[in-house]
Protein chains: 2
Amino acid sequence: MRIGELARELGVSTDTLRFYEREGWLPRPVRAENGYRSYRSDDVEHLRLLLNLRRIDLPLEEAARLASWCHAGHCETTSSSLPALIATRRSDVRARIDELRRLDERLDELQAHLVGRTELSVIGPSTSCCSAAAAIFDAVEGSCRCCAVANAEGDA
Amino acid sequence: MRIGELARELGVSTDTLRFYEREGWLPRPVRAENGYRSYRSDDVEHLRLLLNLRRIDLPLEEAARLASWCHAGHCETTSSSLPALIATRRSDVRARIDELRRLDERLDELQAHLVGRTELSVIGPSTSCCSAAAAIFDAVEGSCRCCAVANAEGDA
DNA sequence: TCTTGACATTGGAGTCACTCCAAGGTCTAG
DNA sequence: CTAGACCTTGGAGTGACTCCAATGTCAAGA
């Protein structure tokens, strides 16, 4: 099996495979007569394991170490620490989800603010109030001191 | 205002501020007699705007460009494209959240699997079935062909 | 036979957004 | 006089790729 085929099958780029090999995260496959890499089923399994560990967002170094151990048959040595590792990973993932949700809320707020303001954006650049800059400032900061003023002006 | 004070106030590192300046993302502040950077309120506002744009995960280049425009008073020029930009950003954020949620599910699965298996992990390193490797393989891949066998062995 | 095109090889540089470091200068309080 | 907190610079390191140029290999078609 050549590098391109393997890459396609496992959904990574050939650059990634060569990078893993170059940095020592994967064993070097044997070479064909023409110098091309020739991957055996053993190599494929090792890589698949590594990629699965990457899929749960382990840092490459950790994923590679674990993949090598498991592949070498030392799995049981590491299996006791594995649940702890997974637990840590989960709480990281959850924290990141929460963070992104808060970001989404801020964006929602900002969007609503901007949509409401678009008609009023004829206010010239010299007016700092309710300009896009002020909107970003205020919506992102969580308070909007410019709206009341602008609305009052609009109503007048 | 010196660099350390500003960094503390806005919650970034002095390295970050020097980096922004060095790469041209922020205008150079004036210098005091001793060569120290001396930030004016104008600089602070500009930086605050940039950091707010970074907080909504805009790439630094885009955030810096937008911050400079807004700060220079060209806000209204950009305000029409801003809602579109925010919308794009939101869909990116949502996609990432979904991705992380799926990851969390896979981790949940894997964790359940491992907890169920810990007692059985006396199976030696030579046995590839139901080793940690197999668990990672199978739980991550979504199917587990090893459990039935291992459980049968365990029951026997 | 020749050519085209898809594949492979290598080393090295670029990406992003910082982060850390060493070696030194400046200032204030005790 | 000294300790400690601040500041300066340029340069290297981080993670995980990604892209590139220059070159080699090979099978299929004209």
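Keep in mind that what you see is a predicted model, and the values were worked out from it rather than measured. Chain A is the first sequence line, chain B the second, and so forth, proteins listed ahead of strands; every chain is numbered from 1.
- Among all heavy-atom pairs drawn from A/Pro59 and A/Arg89, the shortest one is CD-NH2, 4.2 Å.
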Test side-chain contact (heavy atoms from CB on, under 4.5 Å) applied to B/Arg96 and B/Leu100, step by step: CA-CA 6 Å; B/Arg96 182 66 182 144; B/Leu100 287 176; 3.7 Å; yes
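- Taking atom CD of residue B/Glu62 and atom P of nucleotide C/dA17, one finds them 10 Å apart after rounding to whole Å.
- Considering only residues two or more places apart in sequence or on other chains, B/Arg2 meets the side chain to side chain contact (heavy atoms under 4.5 Å, CB included) condition with B/Tyr36.
- Shown here are the side chain to side chain donor-acceptor pair (under 3.5 Å) partners of A/Ser38, two or more places apart in sequence or in another chain: there are none.
- Contacts classified as salt bridge (Lys or Arg N to Asp or Glu O under 4.0 Å) and involving residues 58-70 of chain B (residues at least two apart or in different chains) are not found.
- Residues meeting the salt bridge (charged side-chain N to carboxylate O under 4.0 Å, His left out) test with A/Asp98, sequence neighbours left out: A/Arg101.
- In this structure, A/Tyr39 atom OH and C/dC7 atom P are separated by 16 Å, rounded to whole Å.
- Applying the side chain to side chain contact (heavy atoms under 4.5 Å, CB included) criterion to B/Asp42, with sequence neighbours excluded, gives B/His71.
- Nucleotide C/dG14 holds its P atom 16 Å from the CD atom of B/Glu61, rounded to whole Å.
- Between the CZ atom of A/Arg2 and the P atom of C/dT9 there is a distance of 9 Å, given to the nearest Å.
- The stretch residues 11-34 of chain A touches DNA chain C through A/Arg18, A/Arg22, A/Arg31, each having a heavy atom within less than 4.0 Å of the strand.
- DNA chain C lies under 4.0 Å from no heavy atom of any residue of residues 88-97 of chain B.
- Under the side chain to side chain contact (heavy atoms under 4.5 Å, CB included) criterion, A/Arg31 pairs with A/Glu21, A/Arg37, not counting sequence neighbours.
- For B/Arg22, there are no side chain to side chain contact (heavy atoms under 4.5 Å, CB included) partners two or more places apart in sequence or in a different chain.
- When the side chain to side chain donor-acceptor pair (under 3.5 Å) test is applied to A/Arg94, the partners found at least two apart in sequence or on another chain are B/Asp104.
- Between the C1' atom of C/dG14 and the CG atom of B/Leu60 lies a distance of 16 Å, rounded to the nearest Å.
- When hydrophobic residues (I, L, V, M, F, W, Y) are linked wherever their side-chain heavy atoms come within less than 4.5 Å, the members clustered with A/Leu10 are A/Met1, A/Ile3, A/Leu6, A/Val12, A/Leu17, A/Phe19, A/Tyr20, A/Trp25, A/Leu26, A/Tyr39, A/Val44, A/Leu47, A/Leu50, A/Leu51, A/Leu60.
- Extent of DNA chain D lying under 4.0 Å from chain A heavy atoms, first and last nucleotide in 5' to 3' order, is D/dA16 to D/dC26.
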